[in-house]
Student: 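Below are the structure tokens for one structure; questions will follow.
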Amino acid sequence: MNGVQIATSVLSLIAGVGIFLIACTMMSSNLESLGSKKLKALFAKTSKSKLVGVGVGAVTTAAIQSSSATTVMVIGFVNAGIMSLAQAATVIFGANIGTTITGQLVALGMFGSNSISSSVIFSAFAGVGAFMLAFAKRDSVQKIGSILAGFGMLFVGLSMMSGSMAYFSELEEVKTFLALFKNPFLLVLIGALFTALVQSSSVMTSMAITMVVTGLITLNQGIYITMGSNIGTCVTALIAGLTSTRNAKRTALIHLIFNVGGVAVFMLIGLFLWIGGIDFGFIFGKMFPGVPQLQLSMFHTIFNLVTVIIILPLTNLLVKLVVKIIPDKKEEGGESYPHFGFVEEHMLKTPPIAVQQTKREILNMADVARANFAIACNTVSTLDYSEIETFRQNEQQLNFVNNELAKFIAKLLKADLSERDRIYLTTAFRSLIDIERIGDYSENIVECADKLKQADSKFSADAVEEIKRLTGVINDLFENVKKAYLDCDINCLDRAMQLEDCVDNITKLMADNHVKRLREGGCTPEVGAQYLSLSTNAERIADHLINVAKTIKKYK
């Protein structure tokens, strides 16, 4: 083999890895987008049992072809407080089983040496998908086309990797060099480092399979490299966990301990086999004679299944261990600092989930605004300022979410989204402003209390009762707006609009009663001015709430 052939083989290998990675990304993003509702429903079932959690993790990862994406999703859910550490652990266990599907597909693509290769047949899906992308008009059909194109490209990349390695297998120098790497620990390290570099255990496993099939490495070498890939794939989760909450960090650590623990168990088994004069390669060679691609892919599947079987009963102990390693640490002043409750940057890798969490973040923002309205009304009615520090912290939170969530949504809009999700996100910008304005009007109400206190005045008992009635109706309005917004419920929207009319009627009645009290001497003009200001601000709060609820008409 001359220098040109060597250069061609190296470039073909790089191209094959690149196409394989792009194919995985295409399949992952489009499957996530197309099946986002089903994914959300699946994750909602993780609380039923540990086995259900494992099943959900396996099915999700098999569907989106990325254990890293599944793990990052899980970290996001833990970060948002909607999944416990124990639930997250079981889903991660299942993700490790689901990721072996790619290896099985690769092995399947290598059959058919005496007829049309299955790899060629599967590669043809790239052309079918490309035609669908070029001529389909519907968004869902285009996504199916992208999935098929990605599936086909997976085997195009595999074919290029396999072809380049076939060239290398002809070089005795290469075989001699690779034969030096027999130490299991060194092979595990190589697998871990390369997987961490490309951030895809599927690529490493697929390369190991093609290297075994072409004779570049032995089956036993491929087995230890594949074990190392299970450790290297933890890098993505660790990066995601570093910038998140303590529980998210613990989730990433569970992922690492699980994979390292599995490798440690099998390294120990390998040691006992070596003492007995055999190795994993010998065992799997006997189990699946004559099909090296199946020998390695089946080891990968069995390795992860056995690891799950061993560690699943120890889930609770594992959770306790990571809590000890990363203990709770009370922040000064609690969680008073501005922060997100449901979204975080790494969710941008899973757009359908990020959209859902954006909605939850906006609803959480509405709850904060509602709390400030309640504090403001209580303060102006009683002139009790005991909750004013909470009020100020809430106002900082509203301003933070308004600014930072807008930036998050702008980034999310650049992702591959369904038309419905895209329309929703465009309305979310306006909803952020509406809710932030509710906070501003609550501040105005507190200012009314300040002026009353400065004037050494207060509202009459009748005025306070009217304020209680008004706040009760607005609280009902908040509830119906939230339900309408969360579930796109038109009935709740209709009810909210009726309540908004009721607010208008109450504020009009408040104005009439104020004039009556003023005429009868039961109220001073200074107090009356603050009373009317309160009712006006409350009416505007109701208007902004209705604006939020009405957005559902645009994407329902």
Side-chain angles (χ1 to χ4, degrees), residues 67 92-104 106-107 165 175-197 200-235 254-314 317-318 321:
S67 61
I92 288 170
F93 300 163
N96 275 45
I97 296 172
T99 197
T100 65
I101 295 298
T102 306
Q104 297 291 353
V106 168
M165 287 175 191
K175 288 183 179 180
T176 303
F177 175 72
L178 291 174
L180 297 173
F181 297 96
K182 289 184 177 179
N183 187 299
F185 293 99
L186 181 59
L187 291 166
V188 167
L189 180 63
I190 290 170
L193 289 176
F194 189 85
T195 304
L197 182 66
S200 174
S201 60
S202 296
V203 170
M204 187 67 254
T205 305
S206 301
M207 284 188 67
I209 290 172
T210 54
M211 289 171 80
V212 169
V213 170
T214 55
L216 269 174
I217 59 175
T218 66
L219 175 59
N220 208 52
Q221 285 175 301
I223 283 171
Y224 284 107
I225 288 172
T226 300
M227 279 198 259
S229 73
N230 271 47
I231 296 174
T233 195
C234 297
V235 169
I254 285 172
H255 188 214
L256 180 63
I257 291 172
F258 171 79
N259 283 5
V260 171
V263 171
V265 167
F266 272 77
M267 291 288 280
L268 192 61
I269 294 171
L271 177 62
F272 283 117
L273 291 175
W274 177 75
I275 292 171
I278 58 174
D279 54 29
F280 285 118
F282 175 81
I283 293 172
F284 280 83
K286 290 291 185 183
M287 288 172 66
F288 307 97
V291 279
Q293 64 270 37
L294 193 59
Q295 291 163 6
L296 186 49
S297 66
M298 287 305 296
F299 169 81
H300 191 210
T301 300
I302 291 170
F303 165 79
N304 282 291
L305 278 171
V306 171
T307 304
V308 170
I309 291 169
I310 293 170
I311 295 183
L312 188 62
L314 307 174
L317 289 175
L318 181 57
L321 174 63

Student: Does Asn304 use its side chain to pair, donor to acceptor, with the backbone of Ile97 at less than 3.5 Å?
Tutor: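 Between the backbone of Ile97 and the side chain of Asn304 there is no qualifying donor-acceptor contact (under 3.5 Å).
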
Student: Under 4.5 Å between any side-chain heavy atoms of Val263 and Phe303, yes or no?
Tutor: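 When only atoms from C-beta onward are counted, Phe303 and Val263 do touch, with a gap below 4.5 Å.
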
Student: Got a second to check how far Thr218's OG1 is from Lys182's NZ, nearest 0.5 Å?
Tutor: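 Taking OG1 in Thr218 and NZ in Lys182, the distance rounds to 8.0 Å.
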
Student: Please work out which of the three classes, parallel, tilted or perpendicular, describes the rings of Phe280 and Phe284, given edges at 30° and 60°.
Tutor: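 Tilted.
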
Student: What distance separates Leu189 CG from Ile231 CD1, expressed to the nearest 0.5 Å?
Tutor: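 Reported value, rounded in 0.5 Å steps: 9.0 Å.
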
Student: Under 4.5 Å between any side-chain heavy atoms of Met211 and Ile225, yes or no?
Tutor: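 Met211 does not reach Ile225 side chain to side chain.
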
Student: Can any side-chain N or O of Ser297 pair as donor or acceptor with the backbone N or O of Gln293 at less than 3.5 Å?
Tutor: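 Side chain of Ser297 to backbone of Gln293: a pair is present.
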
Student: Give the intermediate values and the outcome of side chain to side chain contact (heavy atoms under 4.5 Å, CB included) for residues Met287 and Ile302.
Tutor: CA-CA 12 Å; Met287 288 172 66; Ile302 291 170; 4.2 Å; yes

Student: Between Val308 and Phe258, what is the shortest heavy-atom contact and its length?
Tutor: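 Scanning both residues completely, I find the closest heavy atoms to be CG2-CZ, 3.7 Å.
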
Student: What pair of heavy atoms forms the shortest contact from Val212 to Pro292, and how long is it?
Tutor: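 It is CG1-CB, 3.7 Å.
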
Student: Would you compute the distance between atom CZ of Phe266 and atom CG of Leu273 and round it to the nearest 0.5 angstrom?
Tutor: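 Output value for this atom pair is 10.0 Å.
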
Student: For a quick test of reading the model, state the closest non-hydrogen atom pair linking His255 to Ile92 and the distance between them.
Tutor: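 It is CD2-CG2, 3.3 Å.
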
Student: Would Asn230 and His300 satisfy side chain to side chain contact (heavy atoms under 4.5 Å, CB included), going step by step from the backbone distance to the final call?
Tutor: CA-CA 9 Å; Asn230 271 47; His300 191 210; 3.3 Å; yes

Student: What closest approach, in Å, do Tyr224 and Met267 show between heavy atoms, and which atom pair accounts for it?
Tutor: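 Shortest heavy-atom contact: CE2-SD, 3.5 Å.
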
Student: Is a donor on one side and an acceptor on the other found under 3.5 Å between the side chain of Thr226 and the backbone of Gly222?
Tutor: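 Pair found, side chain donor or acceptor close to backbone of Gly222.
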
Student: Could you state the interatomic distance from CG (Leu312) to CG (Leu318), rounded to the nearest 0.5 Å?
Tutor: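 Atom-to-atom, Leu312:CG and Leu318:CG are 10.5 Å apart.
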
Student: Which residue pairs pass the side-chain hydrogen bond (donor to acceptor under 3.5 Å, both in side chains) test with at least one member in residues 256-280, sequence neighbours excluded?
Tutor: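 side-chain hydrogen bond (donor to acceptor under 3.5 Å, both in side chains) check on residues 256-280 returns Asn96-Asn259.
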
Student: In the structure I gave you, are the side-chain heavy atoms of Thr307 and Val265 within less than 4.5 Å of one another anywhere?
Tutor: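 No. Closest side-chain heavy atoms not under 4.5 Å.
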
Student: Could you pull out the closest heavy-atom pair between Ser229 and Thr205, with the gap in Å?
Tutor: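 Looking at all heavy atoms of both residues, the shortest contact is OG-OG1, 3.7 Å.
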
Student: About how many Å separate CG of Leu219 and CD1 of Ile217, when rounded to the nearest 0.5 Å?
Tutor: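 Here the rounded value is 8.5 Å.
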
Student: When rounded to the nearest 0.5 angstrom, what is the spacing between CD1 in Ile209 and CZ in Phe299?
Tutor: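 So the gap between those two atoms works out to 12.0 Å.
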
